[in-house]
Amino acid sequence: DVVMTQTPPSLSVAIGQSVSISCKSSQSLVYSDGKTYLHWLLQSPGRSPKRLIYQVSNLGSGVPDRFSGTGSQKDFTLKISRVEAEDLGVYYCAQTTHFPYTFGAGTKLELK
Amino acid sequence: EVQLVESGGGLVQPGRSLKLSCVASGFTFSNYGMNWIRQAPGKGLEWVAYISSGSSYIYYAETVKGRFTISRDNAKNTLYLQMTSLRSEDTALYYCASRGFAYWGQGTLVTVSS
């Protein structure tokens, strides 16, 4: 199985600050079609997860451009510029290149 | 507006069965592979099963293989998860989600306890 290692496990930030979350996979996430199926999700308190970024760097529908994703092969980063209160929650990276699909353990973003 | 609405959760004794449903609307359900994902209380996300748009390809997590069956009825825009031989460790909020985790439901809670 592909192990997704997410760091840090938690972040304490001030509104307006920028932060980055790392996600490293134990295998390359490049699929046979050449695409990389690495996604970023946000689970706000008491809510269902919402996809923010798909295929490494594509912004999901309605997601503000304060969010950006970069990376390739086995090393990926989510950056949030100018954190807002609505950004608080748990962020997960997830891969849908290989079965079984797997998730990172999550990064909890809290207010300082 | 895309909607996924799960139902069928509840309290069940160990060893018993339960069938979850997920009704989709707002997108062409028959064109999308679908997933079940679960989240134990206070824990992270765990992928459970996937079914392709035409049901040709089905995959399961090892933790549920042989006990859970994923299926779909495209005429009814509905995804199912038949769960048998339930264990306490299957206690979780069960979400249905579309291919690539683009769309998620609100989840249905399954509690396995005597």
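So that the names make sense, note that chain A is the first sequence line, chain B the second, and so on, each numbered from 1.
No single ILVMFWY cluster, assembled from side-chain heavy atoms under 4.5 Å apart, contains both V23(B) and W104(B). No single ILVMFWY cluster, assembled from side-chain heavy atoms under 4.5 Å apart, contains both V83(A) and V90(A). Taken together through direct or relayed side-chain contacts under 4.5 Å among Ile, Leu, Val, Met, Phe, Trp and Tyr, W40(A) and L109(A) form part of one hydrophobic cluster. Neither F76(A) nor F103(A) shares a network with the other; the hydrophobic side chains, linked directly or stepwise wherever heavy atoms of I, L, V, M, F, W or Y lie under 4.5 Å apart, form separate groups for each. L109(B) and Y94(B) are not part of a single hydrophobic cluster, where members link through side-chain heavy atoms under 4.5 Å apart.
No side-chain donor-acceptor contact under 3.5 Å links R51(A) to the backbone of Y103(B).
Contacts of Y54(A) with chain B are absent, with no heavy-atom separation under 4.5 Å from either backbone or side chain. Contacts between Y37(A) and chain B at a heavy-atom distance below 4.5 Å are absent for every atom of the residue. Neither the backbone nor the side chain of Q55(A) comes within contact range of chain B, judged by heavy atoms closer than 4.5 Å. With a 4.5 angstrom heavy-atom cutoff, F101(B) touches chain A via backbone and side-chain atoms both.
Annotation: R47(A), atom CZ; neighbour count of heavy atoms from other residues, nucleotides and ligands within 6.0 Å does not exceed 12. Counting non-hydrogen atoms of other residues, nucleotides and ligands closer than 6.0 Å to OH of Y57(B) gives a total of 12 or fewer.
Closest non-hydrogen pair, S48(A) versus G105(B), comes out as OG-O, 2.6 Å.
Contact tally against chain A (heavy-atom pairs below 4.5 Å) for Y59(B), Y95(B), Y60(B): the top residue is Y59(B). Heavy-atom pairs under 4.5 Å with chain B peak, among P100(A), P49(A), G104(A), at P49(A).
Near-neighbour residues of residues 26-54 of chain B relative to chain A, defined by a heavy atom under 4.5 Å from a heavy atom of that chain, comprise N35(B), I37(B), Q39(B), K43(B), G44(B), L45(B), E46(B), W47(B), Y50(B).
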